[in-house]
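Just so you know, these numbers use all the heavy atoms, side chains as well, and skip hydrogens, waters and symmetry mates. Each chain gets a letter, A, B and so on, in the order the sequences are listed, and its residues count up from 1.
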Amino acid sequence: MNRRDVMYGLPALALTGTMAAAGTDRTANSAAQIGRRLLLHRTSLPDRKSLSAQVAAARKDGGISAAIRSDFAAGRVVSVDGWIISQTEACFCMLAALDAGFRGQV
Amino acid sequence: MIHDARHIADGAVQQADICIVGGGPAGITAALELAKSSGLKILLLESGGTYLEDETQALYAGPNLGRDYEPLDMARLRFLGGTSNHWSGYCMRLRPVDFEGRDWVPGSKWPISYDDIAPYYERAAPYVQIQQDRSFDFDYWVDKLGGAPIQWNGDLFENVVSCTSPPTLFGQTYEEQLEQAGNLTVLLHANVLEVETNDTAQVVTGLRVACIDGPQFRVQAKSYVLAQGGIETARLLLLSNRVIPAGLGNQQDQVGRYFADHIAIRPALWVWPRIPDRQLKLYNRPTSLDDGEFWATVASSDTLLRTERIGGFRFHFLDAPAPPGVRSTRMILRAARKGYLPPYLSSHIANIFTDLDDVAGAAAGKLTGTDPLDRQWLGPWLSIECIPNPDSRVLLVDETDRFGQRRIGLDWRLTEHERHTFQRATELMVQELGRLGFGRVWTELLRGDFEPPRRISKGKHAIGTARMSETPRTGVVDGNCRVHGMSNLFIAGSAVFTTGSYAQPTFSIVAFSIRLADHLKQQHRTGQL
């Protein structure tokens, strides 16, 4: 993961709302990289259905950008190597990592 | 008139209505205000001359007994103009909330309110040479400069103005006025060794003064003002122990306690900003005005300070000197050269590996002279108020100076409150930047094991050692800056601040001196002094 992963990957996610629609391999790879870092710090793999449901809910309620801003306003944030991202973004990234085949070391 | 005390006859007695000790911003302001249309005879005693002299400056030396602090003979300056001679010039006002008691900080309530000092800020502005047209009216200046304010959550932050003084070097700037005032005499090279009192220590009867390798003499006045700064004022009170062994004003062991400063982490976070330039330009650099500068600053709101257990704080949105990964690389290399490991080594290594593009860009820049990834990072500086702590203090030590006077030692301490304020302020800023969609943030302050660095940036603002209080149980002076239990001894300067605020103190020091001068004039006019 590098700065560009964070800088380019997450805003693209926020705009498109899905990994598929994010369009580029680069964005998907960036999100998956971030997702792997998040998953490595967890004691168990998150439930994929639950993550999908959270993402779907975020897309429904005013769009992803609004959900991200709302997360920040409410303090629903997580730290990845010093970067602070929203809970919604974290869900996206963990989903991307799982889609990319991440299975373990959790 | 300005005279050199070394020409006074040994054993002489100098007479005045009011004698001020210390020729820094507090003392010079008080002297000039008192001399204005009062008919009072004012005497200002300054230990130094009109420029730095090593042997006088050495009188300031003393050990640091607690946390790392600047050497005490470098943290302040002992010649006409005092510590304004190395002042950076930033001016802010105290806030109404600063004067209110906080139930979780014992003795934090001032005996006066913001309304008692507010009128004096307007009169203080010309002294520090800041622009005087609605100096601190944020919206007025934003409108005038054609920018747009950032709309922070008002329960958390507020936009405030930081005005910049040239900075005013009080000695140089006011030397001519001091020289020309007919009822004001400045004595240079006059070191006050003791405040003498009557047998009950309620009335000051004189000052014992000495020059280096020169005469000793006495000063007699109707009232006296100590304006030597937060460290030296406490020292003189403690040294004046002929009647009260603990020192003047120190019956309740309050003199020298509550020493505080403003501390800062520079930068506290890195932001790759997406802030519209119309807004950012007000915050990331001062804007020059006809007099001084305007700088939009983000500060803790009064609401936040009333609802959370947190000290005041302010963010200055400066450009970052280097991206985070480049900074970590430099820190590791610097530490390796000196043979030690930097704190948070694993964090720095992770930081480099997650910032390889910037690190590579910087390396390429060294080789080719052009960084292919050159881009702007913001690195907001975070400065905070230290919560009053009675165990953070100055005290006399056994070592003595050339006059045989015991030196002062500084036992500076921080508490859990400061760590919390740094972290909570950063957390709130991260949240607000995210809420506003203003960019991504990287910071190490939100780590669970974060501690303020041992060598932390300081304002060199000595605050609180003779604090204002309702009773002598919790402080040294009353609401009029008069030493509790004494009729004619007053203190000027940030030593009297009960709490430290997030605001830099110099502008308030000047305002408090004007207020004190008004009070003394009124007291002398009505025969109460």
Side-chain angles (χ1 to χ4, degrees), chain A residues 1-17 26-27 29-43 58 61-93 97 105, chain B residues 151-153 155-156 267-274 320 323-328 344 346-362 372-373 375-377 423-424 426-450:
Chain A
M1 188 177 70
N2 62 26
R3 296 283 185 258
R4 283 190 196 145
D5 292 333
V6 179
M7 300 299 183
Y8 293 116
L10 294 179
L13 273 179
L15 283 174
T16 60
R26 178 175 184 152
T27 302
N29 285 339
S30 299
Q33 290 270 356
I34 296 166
R36 272 190 207 103
R37 302 289 297 181
L38 287 164
L39 292 169
L40 282 169
H41 287 91
R42 294 175 65 105
T43 52
D61 301 336
I64 299 299
S65 290
I68 291 170
R69 291 186 182 204
S70 167
D71 280 346
F72 275 109
R76 293 188 297 269
V77 295
V78 293
S79 173
V80 195
D81 294 328
W83 287 100
I84 314 298
I85 65 174
S86 76
Q87 190 66 53
T88 300
E89 290 167 314
C91 285
F92 264 118
C93 293
Q105 285 287 338
Chain B
Q151 301 295 332
W152 307 106
N153 176 347
D155 287 340
L156 306 177
L269 57 158
W270 276 258
V271 187
W272 196 3
R274 287 183 302 188
V326 175
R327 171 182 171 264
S328 284
Y344 308 130
S346 63
S347 174
H348 286 304
I349 291 172
N351 202 14
I352 293 167
F353 280 104
T354 60
D355 194 16
L356 284 175
D357 50 354
D358 268 325
V359 175
L373 299 173
R375 57 197 168 202
Q376 180 193 29
W377 285 82
Q423 286 201 303
R424 182 67 176 141
T426 303
E427 185 179 29
L428 293 173
M429 180 52 75
V430 167
Q431 291 175 15
E432 278 295 276
L433 290 171
R435 180 184 69 81
L436 293 161
F438 275 175
R440 296 284 161 189
V441 173
W442 183 91
T443 179
E444 60 191 11
L445 266 71
L446 299 184
R447 292 172 55 115
D449 60 350
F450 168 78

Report summary line: A:Ile84 and B:Arg440 have their tightest heavy-atom pair at O-NH1, 4.1 Å

Report summary line: Heavy-atom closest pair (A:Trp83 atom, B:Trp442 atom, distance to 0.1 Å) is N-CD1, 3.6 Å

Query - Residue B:Leu436 versus chain A: region with a heavy atom under 4.5 Å - result: backbone

Query - Pick from B:Gln431, B:Glu427, B:Glu432 with the largest number of heavy-atom pairs that fall under 4.5 Å of chain A - result: B:Gln431

Requested in this report: Compare all side-chain heavy atoms of A:Asp71 with those of B:Arg435 and state whether any distance is below 4.5 angstrom.
Outcome: no

Query - Euclidean distance, B:Glu444 CD relative to A:Ser79 OG, rounded to 0.5 Å - result: 11.0 Å

